[in-house]
Amino acid sequence: MKIFDTLSGNEKEIDSSGKVRIYLCGVTVYDESHIGHARTIIVFDILRRHLESGGIEVELVQNFTDVDDKIINRAKRENVLASAISSRYIQEYYDEFDALNVKRAAKYPKATEHIQDMLNLVQGLVDKKIAYVSKNGVYFSVAKFPDYGKLSKKKTEDLISGARVEVDQAKNDPLDFALWKFSDSDPSWESPWGRGRPGWHIECSTMSLKYLGENFEIHGGGRDLIFPHHENEIAQSEAYSNKPYAKIWMHVGMITIDGEKMSKSLGNIKSIKSLLKSWSPNVLRIFCIAGHYSKPIDYSEELLKEHETNWNKARLAYHKLIQTEKDGQPIEDIDSTLSQIKSEFSKAIDENLNTHMALSAFYRLVTICLVNEEHLTKSLSEKIISIFEEMMNVLGLRIEKVSEEEKVHIQSLIKQREEFRQQKKYEEADGIRDKLAAKGIELKDEIHQTIWMKKE
RNA sequence: GGUGAGGUGGCAGAGCGGUUAUGCGUGGGCCUGCAAAGCCUAUACAAGGGGGUUCAACUCCCUCCCUCACCUCCA
């Protein structure tokens, strides 16, 4: 499988000779997660699911940044400890991403639980004289790392001339960044250089090294992390280990709203929590993967509605498949069509995670079910169901199953209702429909049969 | 100002040097106790502007214009 590598600017084959180790930069837990976070995480979820479906072992590590100025400010405002804020939002994170059917990572390391590891790394950089101690903290000396800028394609001269680089008297060079910041207030830890807390970038270098080793397969996150976060991570990690850091850098595009990036400061956030109130997790997932991951997606209700329409068709098709009992002559050439769709689907994902194309293959399968209803036989349905479920599994889409017992019950009610309808006792028939609706089962009358569907 | 990614039919969006992607929407029809859906059919002569390369460009090259992101914390 190939992925576009930001560092080399080319698509690169993922080294799957062994376990595929992936480090994903997670969220800073100071507030609710939004659909932009969800997009990045869902994209990596699909990457992981696809590799795993091909029998490749994946080890995904995703951090929580739980020490940060925003967390501290919020804690002050609410007059609680910083850890109270971070643990609240970590819990919400789990609740929401479980609801979105995102597979749990192998490990969710927290910065605050790796202070000593970070200090060791800083010590290594100080020993090598790549980091230095100033009055505000310990800084990384960018000038000592000649490759600085290779990921974001920036020249250090350009960065210096850019007026937006913060001027800080405590630094030797305006480009230098903090590895350790001196501070006495909560949260803070002792260090050989003075009490304080870690800089942002050091946690990812430390925790990826600790859990995935020196030269792991994929490192990623949102596009907005390329600079300075990932650039600085490379500098620290490679200066420390003298070895190349990640083999592939993968970055996911932003979600915009009215053409502007979704961000807290603009106040145009769509939180996952609020979106889950109006849209099913499946629709939200489709929304996040309907365009290519490298490009931005502009949020709109209309777009969500469109995906909901499409997804409803898929649900209908699936329910038809599982309710097909009849036998007969299947469609000609169906096997070759099915295998074609199947291979198109996985090829699309193999080629730089083209989920858009994969999704269109999936919808083609849906259309086959809806158009060829007359020819759908039990054996054919079973065949299609297995492909259908395979695809849903890779995309992380999920249709709730009903128990055998419940199924029998629904069928008998449908049969009863059918009898009422034959006798034109519509009130009774509608009564049954309402009764099922109350249980989350909706009915669709068709010419030869009534299809039931689990509501979402 | 620098760096990167883009500009495709009403909207969303891929692929591809030469054969209408597709979906949504919209019009018409079928089906139908109602409901909801579904199916059929029609519909867009799309490629930011200007140059080039080529027998042939939406697809490659140059140039101009525009949009977005990053250059400060950010998925």
Side-chain angles (χ1 to χ4, degrees), chain A residues 4 6 9 24-28 30-31 33-44 62 65 68-70 73 149 151-155 157-166 175 177 200 220-229 231 251-256 259-266 287-288 290-292 294-298 300 302-310 312-313 315-317 320 348 351 354-361 363-364 366-367 369-374 420-422 424-427 429-430 433-434 437 442-448 450-451 453:
Chain A
F4 183 86
T6 310
L24 172 59
C25 285
V27 294
T28 301
Y30 74 104
D31 205 346
S33 299
H34 59 71
I35 186 72
H37 301 122
R39 180 188 189 191
T40 298
I41 287 158
I42 286 167
V43 164
F44 275 83
Q62 180 187 329
T65 298
D68 165 89
D69 288 351
K70 276 182 275 200
N73 292 339
L151 180 72
S152 56
K153 320 283 183 240
K154 290 181 193 302
K155 297 192 187 101
E157 307 92 82
D158 295 339
L159 284 168
I160 292 164
S161 63
R164 296 172 75 182
V165 176
E166 166 200 0
L175 294 185
F177 55 90
W200 175 31
R223 289 205 86 82
D224 53 351
L225 297 183
I226 294 173
F227 191 91
H229 186 233
E231 193 69 62
H251 292 102
V252 180
M254 299 292 101
I255 290 190
T256 59
E260 274 187 317
K261 182 177 160 186
M262 193 176 277
S263 76
K264 293 268 157 65
S265 47
L266 288 165
F287 169 80
C288 288
H292 190 86
S294 62
K295 290 191 182 179
I297 295 177
D298 200 42
S300 73
E302 290 69 33
L303 198 50
L304 277 163
K305 245 174 232 155
E306 183 179 327
H307 294 311
E308 186 172 62
T309 304
N310 288 330
N312 282 340
K313 270 196 196 183
R315 288 169 57 226
L316 178 65
K320 269 190 182 176
E351 282 170 16
N354 193 336
T355 47
H356 180 270
M357 266 181 90
L359 211 46
S360 71
Y363 285 136
R364 219 135 52 76
V366 167
T367 304
C369 303
L370 298 177
V371 171
N372 296 295
E373 195 193 338
E374 301 290 313
F420 283 131
R421 289 177 74 207
Q422 304 262 309
K424 298 203 191 311
K425 292 184 178 165
Y426 295 121
E427 258 176 49
D430 290 351
R433 185 163 63 196
D434 294 343
E442 49 187 325
L443 300 183
K444 315 243 177 228
D445 291 330
E446 304 200 332
I447 317 166
H448 301 299
T450 295
I451 299 287
M453 259 167 83

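In what follows, chains are A, B, ... by sequence order, proteins preceding strands, each numbered from 1.
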Take atom P in G1(B) and the same atom in G10(B), then report the distance between them in whole Å.
33 Å
Distance, P atom - from A37(B) to G51(B), rounded to whole angstrom:
50 Å
Only one of D224(A), I226(A), T40(A) forms a side chain to side chain contact (heavy atoms under 4.5 Å, CB included) with H251(A), so which one is it?
I226(A)
P-based separation of G25(B) from C11(B) [nearest Å]
16 Å
From G38(B), C73(B), A35(B), nucleotide with atom closest to D445(A) side chain:
A35(B)
Sidechain-backbone polar pair: H307(A) side chain, L304(A) backbone, donor-acceptor under 3.5 Å
no
Under 3.5 Å: donor-acceptor pair, side chain of R39(A), backbone of G253(A)
yes
Nearest-angstrom distance from the residue atom CD1 of I255(A) to P of A5(B):
21 Å
Which whole number of Å gives the distance between the P atom of A69(B) and that of A75(B)?
16 Å
When you measure from the side chain of D445(A) to the backbone N and O of T450(A), does any donor-acceptor pair fall under 3.5 Å?
no
Below 3.5 Å is the cut-off: list the nitrogen or oxygen pairs between protein and nucleotides 24-26 of chain B, distance only.
from	atom 1	to	atom 2	distance (Å)
C24(B)	OP1	K313(A)	NZ	3.0

With a 3.5 Å distance limit and no angle check, can you tell me whether Q62(A) reaches the backbone of L24(A) through a side-chain donor-acceptor pair?
no
Does any N or O donor sit under 3.5 Å from an N or O acceptor when you compare the side chain of K154(A) with the base of C71(B)?
no
Nucleotide-level pairing of RNA chain B, given in dot-bracket where Watson-Crick and G-U pairs need both distances under 3.5 Å and | marks other strands
(((((((..(((.....[...)))((((((.......))))))....(((((..]....))))))))))))....
From the list A14(B), A21(B), C39(B), which nucleotide is the closest neighbour of the side chain of S360(A)?
A21(B)
When you get a sec, tell me which of G33(B), C71(B), C39(B) is the closest nucleotide to the side chain of F227(A)?
C71(B)
Taking the side chain of M254(A) as its heavy atoms from C-beta onward, which of U3(B), A75(B), G33(B) lies nearest to it?
A75(B)
Can you tell me if the side-chain N/O atoms of K153(A) get under 4.0 Å from OP1 or OP2 in G2(B)?
no
Quick one: list whatever passes ring-ring contact (aromatic ring centres under 6.0 Å, His included) with F44(A), sequence neighbours left out.
none
Of C70(B), A14(B), A75(B), the nucleotide closest to the side chain of N354(A) is A14(B)
Looking only at atom types and distance, does a side-chain atom of S300(A) sit under 3.5 Å from a main-chain N or O of L303(A), one as donor and one as acceptor?
yes
Measure from CD on E446(A) to P on C40(B) and round the result to the nearest Å.
13 Å
May I ask you to say what T28(A) touches in the nucleic acid, namely base, sugar-phosphate or nothing, with a heavy-atom cut-off under 4.0 Å?
sugar-phosphate
Can you figure out which of C34(B), C70(B), A12(B) approaches the side chain of K261(A) most closely?
C70(B)
So is K313(A) actually on top of Y363(A)'s ring, under 6.0 Å and inside 45° of the axis?
no
From C-beta outward on V371(A), which listed nucleotide comes closest to its side chain: C34(B), C73(B), C39(B)?
C39(B)
Among the candidates G4(B), A75(B), A14(B), find the nucleotide nearest to the side-chain atoms of R223(A).
G4(B)
Residue pair I451(A) / E446(A), side-chain heavy-atom distance below 4.5 Å
yes
What is the nucleic acid contact for D430(A), judged by heavy atoms within less than 4.0 Å: base, sugar-phosphate only, or nothing?
base
Nearest-nucleotide pick for R433(A), side chain only, options being A37(B), C34(B), A14(B):
C34(B)
May I ask you to decide if M453(A)'s main-chain N or O and E442(A)'s side chain share a donor-acceptor pair within less than 3.5 Å?
no
Between A75(B), A69(B), A14(B), spot the one nearest the side chain of E260(A), thanks.
A69(B)
Span that lies between the C1' atom of G9(B) and that of A14(B), in whole angstrom
14 Å
If we take the C1' atom in both U59(B) and G27(B), what is their distance in whole Å?
33 Å
Could you tell me how far G18(B) sits from U41(B) if I compare only their P atoms? Round to whole Å.
28 Å
Would you call E231(A) and K154(A) a salt bridge, using N to O less than 4.0 angstrom?
no
Pick the P atom in C61(B) and in G4(B), then give their distance to the nearest Å.
15 Å
Rounded distance (Å) that lies between atom P of G38(B) and atom CD of E374(A)
17 Å
